[in-house]
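Read the structure below first, then the notes.
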Amino acid sequence: QVQLVESGGGLVQAGGSLRLSCAASGRTFSTYAMGWFRQAPGKEREFVARIWWSSGITYYAESAKGRFTVSRDNAKNTVYLQLDNLKPEDTAVYYCAAKPSQFHDYKYWGQGTQVTVSS
């Protein structure tokens, strides 16, 4: 079974930082793109960032550029999202997801971790 388990969320003040982790298991992910998404109350799920597992090439949503950093540790089968200079509008449930490179849609999803940023 493929499992993606997020952790690292919590409550922080504006300007603070968090590092989210996504532990992946059950599959070799070397040919996958790994994505981070978020969903705030009353809003649709929003793309944040992705990284291609094998190459390490990254891509960010405009809202994430300069503040968020996605990375991966191949030995640990873990993807990270470093959140810096957090703002209240970053409050959301953050999800990681995995997409086979040859497919359009993300196939596997974690259950999310809550990030709450206070003013």
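- Counting all heavy atoms, side chain and backbone alike, A92 lies closest to R38 at CB-CB, 3.8 Å.
- Hydrophobic clustering (ILVMFWY, side-chain heavy atoms < 4.5 Å, transitive): W52 and Y32 are in distinct clusters.
- With a 6.0 Å radius and a threshold of 12 heavy atoms from other residues, nucleotides or ligands, Q102 has its CD atom above the threshold.
- Closest approach of D90 and F68 over heavy atoms only: OD1-CZ, 3.7 Å.
- Nearest heavy atom pair, residue W53 against residue F29, reads CB-O, 3.3 Å.
- Atom-to-atom distance recorded for T31:OG1 and F103:CZ is 10.0 Å, nearest 0.5 angstrom.
- Under the 3.5 Å distance criterion, the side-chain polar atoms of Q111 are left unmatched by any main-chain donor or acceptor of E6.
- Cluster membership for V93 and Y106, using ILVMFWY side-chain heavy atoms within less than 4.5 angstrom, is shared.
- No path of Ile, Leu, Val, Met, Phe, Trp and Tyr side chains, each step under 4.5 Å between heavy atoms, connects Y108 with Y80, placing them in separate hydrophobic clusters.
- Closest approach of A98 to M34, counting heavy atoms only: CB-SD, 3.6 Å.
- Atom-to-atom distance recorded for N77:CG and Q3:CD is 12.5 Å, nearest 0.5 angstrom.
- Across every non-hydrogen atom of V70 and T58, the tightest pair is CG1-CG2, 3.5 Å.
- Within the model, atoms CD of E89 and OG of S119 stand 9.0 Å from one another, a figure rounded to the nearest 0.5 Å.
- Using a 4.5 Å heavy-atom threshold, the side chains of R67 and K87 count as touching.
- Between the D73 side chain and the A75 main chain, a donor and an acceptor come within less than 3.5 Å of each other.
- Under the 4.5 Å side-chain contact rule for hydrophobic residues, V115 and Y95 do not share a cluster.
- In terms of modelled atom types and a separation under 3.5 Å, the side chain of T113 and the main chain of Y94 share no donor-acceptor contact.
- To the nearest 0.5 Å, the span separating CG on L4 from OG1 on T78 amounts to 10.5 Å.
- Of the inter-residue distances, the one linking R19 atom CZ with Q82 atom CD reads 7.0 Å to the nearest 0.5 angstrom.
- Looking at D84 and S17, their side chains come closer than 4.5 Å, going by heavy atoms from C-beta outward.
- Here the closest non-hydrogen pair linking G8 and L18 is O-CD2, 3.7 Å.
- Within the model, atoms CD1 of I51 and OH of Y60 stand 7.0 Å from one another, a figure rounded to the nearest 0.5 Å.
- Between W109 and F37, the ring planes lie tilted relative to each other; the angle falls in the 30° to 60° range.
- Both L86 and L20 belong to a single network of hydrophobic side chains, linked directly or stepwise wherever heavy atoms of I, L, V, M, F, W or Y lie under 4.5 Å apart.
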